[in-house]
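Okay, structure first, notes after.
Everything numeric here is computed off the predicted structure, so don't read it as measured data.
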Amino acid sequence: SLEVTPHVARAPVNVRLVVKIAPDHAHRTLHVMGESLNYYRESDIELNPHQRTYTFSWRDLPLGEYVFTAIVVDADGKQHRIQTSAEYVE
């Protein structure tokens, strides 16, 4: 699952993304992205097969409608993707 807090807020906003993944030795990498028309941010981490929850904190995201994406890549290169959206206003 992918949870983004807050979903609606006044910009600039500090955003917290929580990604929950079923522990699996085949899962290798987590790629998280946040994008709007005028902003893009991403983070990549190597996964621990025993860890279930991963948290990212991004500061001062500007005004915009955002799509947040989390992609888990397994050992064979297969991707598992989930998305959610948020809006940050004036």
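Atom CD of residue Glu35 and atom CZ of residue Arg41 lie 14.0 Å apart, to the nearest 0.5 angstrom. Between the CZ atom in Arg52 and the OG atom in Ser1 there is a gap of 7.0 Å [rounded to 0.5 Å]. The OG atom of Ser43 sits 11.0 Å away from the CE atom of Met33 when rounded to the nearest 0.5 Å. The line from CG of Asp74 to CG of Asp24 is 8.0 Å long, rounded to the nearest 0.5 Å. Distance check, rounded to the nearest 0.5 Å: OG of Ser36 to CG of Leu61 gives 7.5 Å. Atom CG of residue Leu47 and atom OH of residue Tyr54 lie 4.5 Å apart, to the nearest 0.5 angstrom.
A 4.5 Å side-chain heavy-atom check between Val73 and His27 finds every atom pair outside the cut-off. The closest side-chain heavy-atom distance from Val32 to Val19 is below 4.5 Å.
Side-chain heavy atoms closer than 4.5 Å link hydrophobic residues (I, L, V, M, F, W, Y) into clusters, and following such links, even through other members, never connects Val4 to Leu63. If you chain together hydrophobic residues whose side chains sit under 4.5 Å apart, Ile45 and Leu2 fall into the same group. Note on Phe56: it clusters hydrophobically with Ile82, by side-chain heavy-atom contacts below 4.5 Å among ILVMFWY residues.
A distance-only check finds a donor-acceptor pair linking the side chain of Arg10 to the backbone of Glu90 [under 3.5 Å]. A donor-acceptor distance shorter than 3.5 angstrom exists from the side chain of Asn14 to the backbone of Asp60, with no hydrogens or angles considered.
Between Pro49 and Pro23, the closest heavy-atom pair is O-CB, 3.2 Å. In this structure, Pro6 and Val13 approach most closely via the heavy-atom pair CG-CG2, 3.7 Å.
In this structure, a donor-acceptor pair under 3.5 Å is present between the side chains of Gln83 and Thr69. Using modelled atom types, one finds a donor on one side chain and an acceptor on the other under 3.5 Å when comparing Glu42 with His31.
Comment: Lys20 engages Glu3 in a salt bridge, judged by a side-chain N to carboxylate O separation of less than 4.0 angstrom.
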If you apply the rule side-chain contact (heavy atoms from CB on, under 4.5 Å), what do you find for His80 with Lys78, and how did you get there?
CA-CA 7 Å; His80 309 274; Lys78 185 176 178 184; 3.9 Å; yes

Could you go through the side-chain contact (heavy atoms from CB on, under 4.5 Å) check for Ile71 and Leu30 one step at a time?
CA-CA 6 Å; Ile71 302 171; Leu30 173 60; 6.0 Å; no

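Among Tyr39, Trp58, Tyr66, the one residue that satisfies the ring-ring contact (aromatic ring centres under 6.0 Å, His included) test with Tyr88 is Tyr66.
Within 6.0 Å of CD in Gln51 there are more than 12 heavy atoms belonging to other residues, nucleotides or ligands.
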